[in-house]
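The structure under discussion appears below in the form of structure tokens.
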Amino acid sequence: MSLDHRTVDQGWLADLRASLADDFATQTARLRELTELNADTGDPGEAHNRAALLAATRRNIEQLTGALSRVSDGTYGACERCRQRIPAERLEALPYARFCVPCQEKQNR
């Protein structure tokens, strides 16, 4: 790996870390808003939607926390199952991806 390539990678990682941190702050604020809104309207549909939003927001925060942790410890971009490199295209689409596509398919079974 050339020095230029490493510099680009480090710049990309810095940008990624900043983007993930921004997303984390946004999701944390959203979670705070959702948990502070305790107004029970008696509408079961609204309660169901709110519960689904809370669950999705918590899941997003967990995924972002995991990705930030992997960036910090140097394991970001390596599949947690086979340890092979996750393709950049997958990481661009899912920056919190933990597995390469074949291992994700096995995980989903």
Side-chain angles (χ1 to χ4, degrees):
M1 179 184 298
S2 71
L3 182 58
D4 291 338
H5 187 81
R6 191 176 320 198
T7 303
V8 170
D9 286 350
Q10 291 304 310
W12 181 81
L13 273 176
D15 290 346
L16 174 71
R17 183 181 290 123
S19 176
L20 290 169
D22 286 346
D23 289 348
F24 179 84
T26 299
Q27 292 298 315
T28 302
R30 181 179 186 190
L31 181 62
R32 189 173 20 259
E33 289 173 15
L34 288 169
T35 54
E36 288 174 356
L37 294 173
N38 286 328
D40 185 6
T41 62
D43 179 0
E46 186 176 316
H48 176 75
N49 287 343
R50 188 168 166 271
L53 283 172
L54 278 166
T57 302
R58 286 185 179 120
R59 186 171 47 252
N60 288 342
I61 289 171
E62 287 174 19
Q63 290 171 333
L64 291 165
T65 300
L68 284 165
S69 178
R70 290 189 299 280
V71 168
S72 293
D73 69 18
T75 61
Y76 184 82
C79 176
E80 289 183 9
R81 188 172 188 162
C82 71
R83 302 292 179 216
Q84 296 297 313
R85 191 126 180 82
I86 298 171
E89 298 82 10
R90 178 162 172 76
L91 293 173
E92 287 174 16
L94 285 170
Y96 47 80
R98 297 171 39 216
F99 304 103
C100 63
V101 172
C103 289
Q104 183 67 60
E105 289 173 351
K106 290 174 188 171
Q107 188 76 14
N108 291 344
R109 289 185 199 150

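All figures in this text were calculated on a predicted structure; none of them were measured in a lab.
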Rounded to the nearest 0.5 Å, how far apart are CG of L64 and OG1 of T26?
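Nearest 0.5 Å value for the CG-OG1 distance: 9.5 Å.
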Taken to the nearest 0.5 Å, the spacing of C100 SG from R83 CZ works out to 11.5 Å
Kindly say whether P95 contributes a backbone atom to a donor-acceptor pair with the side chain of Y76 at under 3.5 angstrom?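 Checked: pair present.
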*Apart from V101 itself, residues in the same hydrophobic cluster as defined by side-chain heavy atoms under 4.5 Å*: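 Cluster partners of V101: none, it stands alone.
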Applying side chain to side chain contact (heavy atoms under 4.5 Å, CB included), name anything that partners [X], two or more places apart in sequence or on another chain.
{"X": "R30", "value": "Q27, L34, L53, T57"}
{"X": "T28", "value": "F24, R32, I61"}
{"X": "S69", "value": "D73"}
{"X": "Q104", "value": "R90, F99, Q107, N108"}

Hits for salt bridge (charged side-chain N to carboxylate O under 4.0 Å, His left out) against E80, two or more places apart or cross-chain, chain-then-number order -> R70, R98
Original post:
Does the side chain to side chain contact (heavy atoms under 4.5 Å, CB included) test come out yes or no for Y96 and T65, once each step is laid out?
Top reply: CA-CA 9 Å; Y96 47 80; T65 300; over 6 Å; no
Just wondering, more than 12 heavy atoms not from R85 lying within 6.0 Å of its CZ?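 Atom CZ in R85 is not crowded, with 12 or fewer foreign heavy atoms closer than 6.0 Å.
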Taking distance alone, no hydrogens or angles, what donor-acceptor pairs closer than 3.5 Å link side-chain atoms of residues 14-21 to residues at least two apart or in another chain?
none

Residue pairs passing the salt bridge (Lys or Arg N to Asp or Glu O under 4.0 Å) test with at least one member in residues 99-109, sequence neighbours excluded, are none
Side-chain contact, heavy-atom cut-off 4.5 Å: T35 with R58?
-> yes
All heavy atoms of C79 vs all of I86, minimum pair found to be N-CG1, 3.7 Å
